[in-house]
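Computed over heavy atoms, backbone and side chain alike; hydrogens, waters and symmetry mates excluded. As the structure lists them, so they are numbered: ligands from 1, and atoms in each ligand from 1.
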Amino acid sequence: SNLPKLFTPIKIKDMDLKNRIVVSPMCQYSSVDGLFNEWHLVHYGTLARSGAALIVLEATAVVPEGRITYGDSGLWNDSQIEPMKRVIDFCKLFNCKIALQLAHSGRKGSTNPIYIEGAIRGAPAIGVGREYDIYGPSEVQWGMESKKPHELSLDDIKCIINAFKDTTIRAIKAGVDMIEIHGAHGYLINSFLSSTSNIRTDQYGGIFENRIRFLTDIITAVKTVWPKEKPLSVRLSCEEWVENGWNIEETINLVKVIRDMGVDLVDCSSGGNSCCQNIPNTPMFQIPLSETIKKECIGQKTMAVGGVTDGKTAEDILQNLQADLICVARQFLKDPFWPQRAADELGIHIDPVLQYSLAHRHKKTGI
Ligand code: FNR
């Protein structure tokens, strides 16, 4: 057929995606006590109407101190389920699947949301309920301005692994179709992976097999409660972009391990674990990371992310077998109906996903 690959359906485990367009996870810093609210309904509701096949909901903390900022969303208690379910139920009216990114900010927590005027990136937030102790594999702070993390004890580590599992149970109740474990951008899991931030000497530090243990323990714990037929994704920073940091070779070795554990999708990002990172000076620098993983880790499905703003580029990435799915973040903020434009660019028509085209509108709205 002449259908562009970008608009060709794909099934991952029991999740039917109507096309290959994914809304990348984006923190909204708009929660109070971790709760979804009106903002999330409008924001995600709009993106669900956009024609994207899948939305990965923002990094959502598994414990309160695992938030990047006090405005992060969270799913560490049962009262947070219903407000999230309300948003997910609405999004699903548009045949849009919903993933939830489970996160712990680690040593990059307790900071200011970016919209606070004069806030220095990574500097500690100040104020009751806004500032909290932060934790990492080791007492290595992220940057000059950052707070010093407490080193997690073995008991602490057990609790956090358990929190990922308990949050997965709540995510099931909220109706999510896919779990994505946030193992990127220098947050807790990523900081365990890299020997620049993890200088532990126990079974969670040192050699590669030990540094990946925190992530593989989390995957194992999540899989005890997450249904086998449902897809599981992991977002990784495939390159740290510093000398002697976590790199693509280690990522390849890690992906082979988690692929064999049953991880269905690897979301290929990079950077964030070092304030001294040296990121390549080209907008599409992350796409080859996804390509490498796909080539080296046979059978592993990947998402490519970073710098995609038009339909032709997205189509090329898929045609060149660099990724199975295309993840788009900032372009969706500028142009929430981007999939419609991408379809135009690729010369096809997709149904504008409008209220009047929904067969089930009567049931839901009574109109
Ligand atoms: C992000 N990004 C991000 N990544 C992630 O894994 N979890 C998150 O919660 C967030 N939050 C977030 C908020 C905002 C406002 C932006 C702009 C970005 C990173 C994002 O998902 C994506 O990987 C990058 O933005 C690169 O993709 P684009 O923007 O070039 O399409």
Under 4.0 Å to a heavy atom of Q101 - the qualifying atoms of ligand 1, by number: 5 (C), 6 (O), 7 (N), 8 (C), 9 (O)

Parallel, tilted or perpendicular: ring planes of Y44 versus H40, cut at 30 and 60 degrees: parallel

Whether F208 and W246 hold their rings parallel, tilted or perpendicular, with breakpoints at 30° and 60°: parallel

Sub-4.0 Å heavy-atom approach of A184 to ligand 1: no

Residues D202, R200: salt bridge by 4.0 Å N-O rule: yes

Identity and separation of the nearest protein heavy atom to atom 11 (N) of ligand 1: C27 N, 2.9 Å

Test item: side-chain donor near acceptor, T60 and S73, under 3.5 Å: yes

Minimum non-hydrogen distance to atom 2 (N) of ligand 1, winning option of A329, P25, S24: P25

Flag side-chain contact, heavy atom, 4.5 Å: W241 against S274: no

Which segment of Q286 sits under 4.0 Å of ligand 1 when only heavy atoms are counted: neither

N/O separation below 3.5 Å, G307 to ligand 1: yes

Salt bridge (charged side-chain N to carboxylate O under 4.0 Å, His left out) partner of D177, chosen from K230, K11, K13, K92: K92

Contact partition for Q331 relative to ligand 1, non-hydrogen atoms under 4.0 Å: neither

Of the listed options K334, R330, H185, closest to atom 29 (O) of ligand 1 (non-hydrogen atoms): R330

Interfacing atoms of ligand 1 (cut-off 4.0 Å, heavy-atom, A59): 9 (O)

Numbering as shown, the atoms of ligand 1 that approach V305 to under 4.0 Å (heavy-atom distance): 22 (C), 23 (O), 27 (O)

Numbering as shown, the atoms of ligand 1 that approach G306 to under 4.0 Å (heavy-atom distance): 26 (C), 27 (O), 30 (O)

R235, E58, Q28, M26: member with heavy atom nearest to atom 19 (C) of ligand 1: R235

R67 NZ/CZ over Y132 ring centroid, <6.0 Å and within 45° of normal: yes

CG (D33) with more than 12 external heavy atoms under 6.0 Å: no

